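Per chain, numbering begins at 1; letters A, B, ... match sequence-line order. What you see is a predicted model, and the numbers here were worked out from it, not measured in a lab.
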Amino acid sequence: MSSQVAIAEIHPENYRFLQEHIYSHAGIVLEEDKQYLFESRLAPIVRQLGLESINDLCALIQSSRLPEVGHQVVEAMTTNETYFFRDPSHYDAIRTVLLPRLMEERRDTKRLRFWSAASSTGQEAYSLAMLLIEAGLSDWNIQILGTDFSSQVVERARSGKYQQIEVNRGLPATLLIKHFRRSGADWHLCDPVRRMVSFETIDLRKSMRALGPFDLVFCRNVMIYFDAKTKMNILKELHGTMYRGGWLLLGGAETAGGVEGCFERQTVGNAAVYVAR
Amino acid sequence: MLLAKTLKELGYEVREAANGREALEVIEAEKSTLTLVLADWNMPEIDGLDMLKRLRRNPALSSLKVVMVTTETEIDRIAEALEAGANEYVMKPFTPDILVEKLQIAGIHP
Ligand SMILES: C[S@@+](CC[C@H](N)C(=O)[O-])C[C@H]1O[C@@H](n2cnc3c(N)ncnc32)[C@H](O)[C@@H]1O
């Protein structure tokens with residue numbers, strides 16, 4: 001009997017409830033075939049709360065007795081995978097073409113502002129900071145803002161602490177020994193890198209214009225989870241935070257098509273980049 | 001084991017050696033076709049660092065890439081290997097993805 005309870009199917013009305021709950025709180029679209037994903041991501045919460053099944057969990061959220069559980073469920077359903085220097089062709093493009101141009105444009109003020117939208121645990125923002133230090137911009141006024149919907153990953157990003165498996169991924173060993181210190185099993189980013197970066201909890205579906213203006217924006221591997229309308233609104237908002245001529249970098253499966261006259265696609269080396277018009 | 005398996009799946013032909021001395025013999029014999037050496041630090045007879053230093057003293061092997069794959073994770077040790085001429089450094093444990101990314105950083109594109 002008990003094993004039957006443990007593998008109880010999510011009732012169709014609860015499946016719909018979860019889809020709507022996650023869509024309304026994060027804009028993330030989960031299709032009909034994501035049963036396994038709900039089960040693997042929500043089982044720990046079910047256990048932690050001493051419940052019997054995901055159906056019980058749905059009842060608990062609907063009762064509004066523990067509002068934080070609803071939020072916890074949304075966070076559990078987001079995919080946070082990220083790593084240092086993910087999609088190296090983007091960083092090559094920044095190093096060889098985008099940054100030299102930006103440095104030329106801003107040579108009087110020596111001020112540059114960057115944004116890692118949907119920064120997850122921070123590797124994207126910190127990779128950029130390391131790249132800028134290596135490019136000799138230590139004496140520039142640099143601000144890199146990382147934002148994410150999930151306060152849990154924002155906390156982790158702020159800590160600047162990574163596990164061995166995380167610093168093993170994508171990070172050249174020369175940068176590891178230069179910018180990190182080991183402390184027990186963790187690796188801590190050094191202050192010069194951390195000083196350039198700050199993190200905030202922000203939902204990309206809210207108005208973001210007050211955050212800008214930025215010279216370069218990363219918004220990678222997050223819009224794949226949204227529907228066309230949400231994507232379009234976010235692209236317009238991103239455009240509103242950027243200097244004309246600023247650069248937008250998207251994930252490998254994403255494009256900035258559909259928003260008339262906002263972005264122009266260009267190819268730099270092996271990377272597709274978008275210029276704000 | 002995992003190393004050899006991963007590399008074979010990437011389409012590489014793999015030669016294995018039980019220790020540093022044997023590795024140096026294999027490298028000497030096959031240097032004309034060899035792209036990459038993956039070296040553990042802790043090997044009997046001649047350890048990985050010692051082997052790396054010997055390879056880097058041989059001008060005929062100057063284009064050979066050497067990546068350390070090891071449980072040694074102290075910063076000083078990593079620095080020592082890079083200074084001795086290692087092209088990249090992989091800390092154990094690792095996954096096939098990590099290895100591929102590290103090889104790319106070292107300029108090897110499987
Ligand atoms: C796969 S990660 C991408 C991380 C990084 N940009 C990269 O490409 O490696 C996706 C991130 O988007 C965040 N996210 C999902 N929906 C969001 C929303 N509506 N607003 C802001 N961030 C969101 C998730 O919390 C998650 O950390």
Side-chain angles (χ1 to χ4, degrees), chain A residues 79-96 120-121 123-124 126-128 130-131 134-135 160-193 220-221 251-252 269-271, chain B residues 1-3 5-7 9-10 36-42 47-49 51-53 55-56 64-110:
Chain A
T79 297
N80 302 122
E81 197 203 5
T82 185
Y83 45 93
F84 289 104
F85 294 97
R86 180 179 194 172
D87 202 342
S89 68
H90 281 170
Y91 293 93
D92 290 343
I94 295 173
R95 195 181 297 113
T96 56
S120 189
T121 39
Q123 283 90 329
E124 192 172 83
Y126 289 130
S127 297
L128 181 63
M130 286 185 269
L131 183 155
E134 296 303 309
K161 285 184 201 153
Y162 293 93
Q163 292 162 3
Q164 180 170 303
I165 190 93
E166 294 172 309
V167 295
N168 227 359
R169 278 204 80 177
L171 183 66
T174 47
L175 297 183
L176 174 70
I177 63 172
K178 183 164 173 190
H179 298 296
F180 289 78
R181 289 295 160 259
R182 221 182 79 158
S183 165
D186 283 339
W187 291 81
H188 293 207
L189 265 162
C190 295
D191 283 341
V193 177
R220 306 191 305 168
N221 305 301
N270 290 322
Chain B
M1 274 299 279
L2 174 62
L3 259 184
K5 186 168 171 281
T6 306
L7 289 167
E9 279 167 9
L10 292 170
L36 163 72
V37 174
L38 293 158
D40 203 331
W41 197 297
N42 302 304
D47 73 22
L49 184 69
M51 184 182 95
L52 172 64
K53 287 179 177 165
L55 293 176
R56 289 304 180 228
L64 186 65
K65 307 263 184 183
V66 181
V67 173
M68 298 292 285
V69 184
T70 158
T71 52
E72 297 285 343
T73 57
E74 293 297 330
I75 286 196
D76 291 348
R77 302 240 94 182
I78 303 173
E80 214 179 337
L82 293 175
E83 226 157 87
N87 296 90
E88 251 309 319
Y89 200 100
V90 181
M91 294 182 278
K92 286 185 183 173
F94 64 95
T95 62
D97 283 351
I98 288 176
L99 183 66
V100 172
E101 283 153 16
K102 284 288 190 178
L103 293 185
Q104 282 170 351
I105 295 172
I108 297 162
H109 298 272

Over all heavy atoms of both residues, which pair between [X] and [Y] is shortest? Give the atoms and the distance, please.
{"X": "Glu81(A)", "Y": "Arg86(A)", "result": "O-NH1, 3.0 Å"}
{"X": "Lys92(B)", "Y": "Val69(B)", "result": "CE-O, 3.8 Å"}
{"X": "Phe85(A)", "Y": "Gly170(A)", "result": "CB-O, 3.6 Å"}

Are more than 12 heavy atoms from other residues, nucleotides or ligands located less than 6.0 Å from atom NZ of Lys65(B)?
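Above 12, so yes.
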Which bit of Leu82(B) comes within less than 4.5 Å of chain A, counting heavy atoms only: side chain, backbone, both or neither?
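Side chain of Leu82(B) only, per the 4.5 Å heavy-atom cut-off to chain A.
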Is Phe180(A) close to chain B through its backbone or its side chain, or both, or neither, when contacts mean heavy atoms under 4.5 Å?
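Looking at Phe180(A), just its backbone touches chain B.
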Among Glu74(B), Met91(B), Glu88(B), Met68(B), which has the most heavy-atom pairs under 4.5 Å with chain A?
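Option with the greatest count: Met91(B).
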Which one wins on heavy-atom pair count under 4.5 Å against chain A: Asp76(B), Thr95(B), Val90(B), Thr73(B)?
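Ranked by heavy-atom pairs under 4.5 Å with chain A, first place is Thr73(B).
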